[in-house]
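Okay, structure first, notes after.
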There are 2 protein chains.
Amino acid sequence: MAAVPRAGLTTERLVRAGADLADEVGFDQVTVSALARRFDVKVASLYSHLKNSQDLRTRIALLALEELADRAADALAGRAGRDALAAFADVYRDYARAHPGRYAAARLRLDPETAAASAGVRQAQMMRAILRGYDLPEPDQTHAVRLLGSVFHGYVSLELAGGFSHSSPDPQDTWAWILDHLDTLLRGRPAS
Amino acid sequence: MAAVPRAGLTTERLVRAGADLADEVGFDQVTVSALARRFDVKVASLYSHLKNSQDLRTRIALLALEELADRAADALAGRAGRDALAAFADVYRDYARAHPGRYAAARLRLDPETAAASAGVRQAQMMRAILRGYDLPEPDQTHAVRLLGSVFHGYVSLELAGGFSHSSPDPQDTWAWILDHLDTLLRGRPAS
DNA sequence: GCGCTTTCCTAAAATTCTTAGGCAACCTCC
DNA sequence: GGAGGTTGCCTAAGAATTTTAGGAAAGCGC
């Protein structure tokens, strides 16, 4: 009898392949069936490694949050102030552009306890670390964390949705303008 | 024979009901089947009024964009400066909180020509009208349009995703803080 | 080699999306 | 008021996805 080689499925590999699939065809096109096809395996086989379709999506989201946090941590090393702010912001923007499916996954609504155990927490901590350089008293610091989160997510999200495409000025210039003004705002001094 | 009363389906009614459904169960749970159940009608019957499932979602998105633009236009009447800015921002936030499914629909990626014919264009025009009160030269005005869009969308989106829940300070305070600082930023003078 | 666990399978049910074609209700026009 | 055309909703059917249940075989430890 022909030996039937194992495909070597693991939750890890499935989630990573699911993330790649998301980047290629969009997060909401990620399906257990498509993933099975990619591994040339029957659909039911995946259910030994994944609880269900939602479980797959959640795991991709957690992977994306980890990757984002890792990159942010790297980018922040040795930086402070405006430098740190820009580095952090660029990580977000670059990640979203390079991995739109993963980025969309990271925006998935997680139930509170899953969210609390995710790398999203690390991201918030890094944001606070950046803001320490601006010496804001509470509750301003928290307000600022929320503002930065909103701007970064909002901008990246709109740019990804094609909101700024084919229009001048260059989105890159807007990005720099925004970072400049955020820096100024956090310093409490007027823009040039 | 028992008279079989017509359900009175129209594209209009279906889209409105679909939007309500989105608010109740989430935009991505909006399905042709669920909509048919709601009208107590067979699924295939909807295909006389809707091209397909994607068509339904697109129409809900366009409805939401119209509603948002209408509310924004109402809110802006007779206002200028910081007042107009806050009124516009509150329309977004309030709409998203009252109609989360519709708001999610409004974030749907539309193909460029559909987007160009949507009420999204009116929203951008209103944003520029608000900014005329701040007297910004180009390209700063465009940068500012993008910044405001990012902040409004980003904040509302994060708040809706539960990002600020159960944490102090009150999100309402953050919202006011952000609007204050945006106003200041646009004026080019330091915050108090 | 012998069992045990893991891995992947077949089979089957439920749900959704979509198209094709039919009958009956309604509107128009004589 | 009936004839004919149009519209509205139907039945039927196929394809895809999700999920569960249970089976066979591969590879591990002894």
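Chain identifiers are assigned alphabetically (A, B, ...) following the order of the sequence lines, protein sequences preceding nucleic acid strands; residue numbering begins at 1 within each chain.
Put simply, the residue from A:L35, A:D20, A:D23, A:L56 that forms a side-chain contact (heavy atoms from CB on, under 4.5 Å) with A:V30 is A:L56.
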### Message
Output one letter per nucleotide in nucleotides 14-25 of chain D: B when a protein non-hydrogen atom lies under 4.0 Å from the base, S when only the sugar-phosphate is that close, - when neither is.
### Response
---SSBB----B

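Between the P atom of C:dT16 and the NZ atom of B:K42 lies a distance of 13 Å, rounded to the nearest Å. Across the protein-nucleic acid pair, B:L35 atom CG and D:dC9 atom C1' stand 15 Å apart, rounded to whole Å. Here C:dT6 presents its C1' atom at 15 Å from CG of A:L46, a figure rounded to the nearest Å. Residue B:F39 contributes atom CZ, which lies 14 Å from atom C1' of D:dG8 at whole-angstrom precision. Whole-Å rounding puts the A:L9 CG to D:dA26 C1' distance at 14 Å. As rounded to whole Å, 11 Å separates atom P of C:dT19 from atom CG of B:D55.
Remark: the B:R37 side chain and the B:S33 side chain contain no N/O donor-acceptor pair separated by less than 3.5 Å. No donor-acceptor contact under 3.5 angstrom links the side chains of A:T142 and A:R146, judged on distance only.
Remark: the backbone N or O of B:L160 is paired with a side-chain donor or acceptor of A:R109 at under 3.5 angstrom. One N or O on the side chain of A:T11 and one on the backbone of A:H49 form a donor-acceptor pair closer than 3.5 Å.
For D:dC9, one of the phosphate oxygens OP1 or OP2 lies less than 4.0 angstrom from a side-chain nitrogen or oxygen of B:H49.
Axis angle across the helix from C:dG1-D:dC30 to C:dC30-D:dG1, with five pairs used at each end and values rounded to 10°: 10°.
Comment: B:D70 engages B:R122 in a salt bridge, judged by a side-chain N to carboxylate O separation of less than 4.0 angstrom. Salt bridge present: B:R16 and B:E12 bring a charged side-chain N and a carboxylate O closer than 4.0 Å.
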#### Entry: Derivation of the ring pair (Phe, Tyr, Trp, His ring centres under 6.0 Å) call for A:Y103 and A:H99
CA-CA 6 Å; A:Y103 185 77; A:H99 300 290; over 10 Å; no

